[in-house]
Peer 1: 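My structure is below; once you've seen it, I'll send some questions.
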Amino acid sequence: QTRLVLFTLFISLVPLTLISIHDILQTQKALATSAEASLKSSAEQTANSLDSFIQTNLDAISVESQISIFADYLIMSPLQRFGSLERIRAENLVNNLSSKDTANIISYALVDVDGNVLHDSLSGQNAAENEAEESYFSRVRFSDQPILTEVVYDDGITTITFANRVLGQSGQFLGVLRVKYDSIVLQDII
């Protein structure tokens with residue numbers, strides 16, 4: 001009788017154990033698949049958010065650099081610029097553009113063909129500052145499209161720069177409009 005009970009118990013436990021192991025493996029596989037799908041969805045959403053941020057800013061700098069106030073100011077000789085109405089308009093516009101995202105924009109600047117900063121929203125006029133050696137300047141100068149630089153360590157912070165050429169009515173290169181963002185904006189999006 002004991003043997004019969006043990007035999008019955010053994011016959012019942014072996015299939016039950018096998019079924020349990022199978023169910024555990026299936027559950028683990030389903031959870032792993034679900035977690036993988038969730039991570040993939042989150043990654044795609046993050047990538048889309050980054051792409052949207054970058055494209056929005058490239059489009060914005062493209063449109064902003066075409067504002068005639070900048071071309072009118074840059075086409076003037078340096079002597080004509082001083083104290084002109086065009087200078088006041090250009091400086092006010094640069095300052096207004098920089099206020100559209102005060103949390104992330106470090107500065108907007110209008111730069112002439114030689115890389116001299118004519119006006120920077122961060123520190124006002126920077127006639128002595130020259131950005132011709134910065135990575136964005138040479139890239140944007142010969143590009144038909146607005147550009148985005150890699151993340152750069154600059155004055156104790158990391159930045160990304162969006163820039164586009166300012167062109168005259170006949171298509172001549174007059175200067176550059178650039179905006180520097182604190183790269184923490186990328187971390188915030190992520």
Peer 1: Just jot down the side chain to side chain donor-acceptor pair (under 3.5 Å) partners of Asp51, sequence neighbours excluded, or say none.
Peer 2: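 Partners of Asp51 by the side chain to side chain donor-acceptor pair (under 3.5 Å) criterion come out as none, since no residue qualifies.
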Peer 1: What's the shortest heavy-atom distance between Phe173 and Leu167, and which atoms?
Peer 2: CA-CD2, 3.8 Å
Peer 1: For the residue pair Tyr181 and Tyr108, is the inter-centroid distance of their aromatic rings smaller than 6.0 Å?
Peer 2: no
Peer 1: Do Asp101 and Asn104 pair up side chain to side chain, a donor and an acceptor below 3.5 Å, judged on atom types alone?
Peer 2: yes
Peer 1: Would a 4.5 Å heavy-atom cut-off, applied to side chains only, mark Leu122 and Lys180 as touching?
Peer 2: no
Peer 1: Is a donor on one side and an acceptor on the other found under 3.5 Å between the side chain of Ser12 and the backbone of Thr8?
Peer 2: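 Checked: pair present.
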Peer 1: What's the shortest heavy-atom distance between Val152 and Ser135, and which atoms?
Peer 2: CG2-OG, 4.4 Å
Peer 1: If you round to the nearest 0.5 Å, how far is CD of Gln187 from CG of Asp182?
Peer 2: 8.5 Å
Peer 1: For the residue pair Thr159 and Val151, establish whether any side-chain heavy-atom pair is separated by less than 4.5 Å.
Peer 2: no
Peer 1: Quick one: which residue pairs count as a ring-ring contact (aromatic ring centres under 6.0 Å, His included) with a foot in residues 15-49, not counting sequence neighbours?
Peer 2: none
Peer 1: Could you tell me if Ser143 and Gln145 have a donor-acceptor pair between their side chains, going purely by distance under 3.5 Å?
Peer 2: no
Peer 1: Asp112 side chain to Leu74 main-chain N or O, any donor-acceptor pair under 3.5 Å?
Peer 2: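 The answer is no, because no donor-acceptor pair under 3.5 Å joins these two groups.
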Peer 1: Spell out, as yes or no, whether a donor-acceptor pair under 3.5 Å connects the side chain of Ser20 to the backbone of Leu16.
Peer 2: yes
Peer 1: For Arg141, is the CZ atom crowded, meaning more than 12 foreign heavy atoms sit under 6.0 Å from it?
Peer 2: yes
Peer 1: With sequence neighbours left out, which residue pairs that include part of residues 161-177 fulfil the salt bridge (Lys or Arg N to Asp or Glu O under 4.0 Å) condition?
Peer 2: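 The answer is Asp144-Arg165.
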Peer 1: Any heavy-atom pair between the side chains of Tyr136 and Val176 that's under 4.5 Å?
Peer 2: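 A side-chain contact exists here, since the closest heavy-atom pair is under 4.5 Å.
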Peer 1: Which atom pair, heavy atoms only, marks the closest approach of Thr149 to Arg139?
Peer 2: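 Scanning both residues completely, I find the closest heavy atoms to be CA-NH1, 3.5 Å.
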Peer 1: Could you tell me whether the side chain of Gln80 and the main chain of Ser77 form a donor-acceptor pair under 3.5 Å?
Peer 2: yes
Peer 1: Can a donor-acceptor pair be found, under 3.5 Å and without considering hydrogens, that links the side chain of Ser49 to the backbone of Gln45?
Peer 2: yes
Peer 1: How many angstroms lie between atom CD1 of Ile19 and atom CD1 of Ile24, to the nearest 0.5 angstrom?
Peer 2: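 So the CD1 of Ile19 and the CD1 of Ile24 are separated by 12.0 Å.
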Peer 1: Say whether, by atom type as modelled, one donor and one acceptor occur between the side chain of Ser107 and the main chain of Ser121 under 3.5 angstrom.
Peer 2: no
Peer 1: Please name all residues satisfying side chain to side chain donor-acceptor pair (under 3.5 Å) with Ser65, sequence neighbours left out, ordered by chain then number.
Peer 2: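 Testing Ser65 for side chain to side chain donor-acceptor pair (under 3.5 Å), a comparison that skips the adjacent residues, returns Asn164.
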Peer 1: Under 4.5 Å between any side-chain heavy atoms of Ile61 and Val179, yes or no?
Peer 2: yes
Peer 1: Whether Glu91 and Arg81 form a salt bridge (side-chain N of Lys/Arg under 4.0 Å from carboxylate O of Asp/Glu) is what I want to check.
Peer 2: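 Salt bridge absent between Arg81 and Glu91.
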Peer 1: Tell me, please, which residues at least two apart from Gln55 pass side chain to side chain donor-acceptor pair (under 3.5 Å).
Peer 2: Asp59
Peer 1: So which heavy atom on Ala90 is nearest to which on Leu110, and how close?
Peer 2: CB-CD2, 4.2 Å
Peer 1: I want to check something: taking the side chain as every heavy atom from C-beta on, are Phe70 and Leu93 in contact at a cut-off of under 4.5 Å?
Peer 2: yes
Peer 1: Answer yes if Val63 and Leu177 sit in the same cluster of Ile, Leu, Val, Met, Phe, Trp and Tyr residues linked by side chain heavy atoms under 4.5 Å apart, and no otherwise.
Peer 2: no
Peer 1: For Asp72, enumerate each residue passing the side chain to side chain donor-acceptor pair (under 3.5 Å) test, keeping only those at least two apart in sequence or located in another chain.
Peer 2: none
Peer 1: Is it possible for you to say whether Leu50 and Leu58 belong to one hydrophobic cluster, with membership spreading through side-chain heavy-atom contacts below 4.5 Å?
Peer 2: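 Same hydrophobic cluster.
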Peer 1: I need the minimum non-hydrogen distance between Val117 and Ala109, along with the two atoms involved.
Peer 2: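 Heavy-atom minimum between the residues: CG1-CB, 4.3 Å.
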Peer 1: Give a yes or no on whether Leu18 and Phe10 share a hydrophobic cluster (residues Ile, Leu, Val, Met, Phe, Trp, Tyr; joining criterion: side-chain heavy atoms under 4.5 Å apart).
Peer 2: yes
Peer 1: Begin from the C-alpha positions of Phe53 and Val185 and carry the test side-chain contact (heavy atoms from CB on, under 4.5 Å) through to its verdict.
Peer 2: CA-CA 9 Å; Phe53 169 76; Val185 69; 3.7 Å; yes
Peer 1: Is any side-chain heavy atom of Met76 closer than 4.5 Å to a side-chain heavy atom of Glu86?
Peer 2: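 Heavy-atom side-chain distance check passes, below 4.5 Å.
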Peer 1: Can we say Arg178 and Glu64 salt-bridge, meaning some charged N sits less than 4.0 Å from an Asp/Glu carboxylate O?
Peer 2: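 So Arg178 does not pair with Glu64 through a salt bridge.
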Peer 1: Check whether any side-chain heavy atom of Ile160 sits under 4.5 Å from a side-chain heavy atom of Glu150, and report yes or no.
Peer 2: no
Peer 1: Do you know which of Ile190, Ile184, Leu186 makes side-chain contact (heavy atoms from CB on, under 4.5 Å) with Asp188?
Peer 2: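 Only one of Ile190, Ile184, Leu186 forms a side-chain contact (heavy atoms from CB on, under 4.5 Å) with Asp188, namely Ile184.
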Peer 1: Report yes or no: is the cationic atom of Arg87 (NZ for Lys, CZ for Arg) closer than 6.0 Å to the six-membered ring centre of Tyr73, at no more than 45° off its axis?
Peer 2: no
Peer 1: Taking C-beta and beyond as the side chain, do Glu129 and Asn116 meet within less than 4.5 Å on heavy atoms?
Peer 2: no
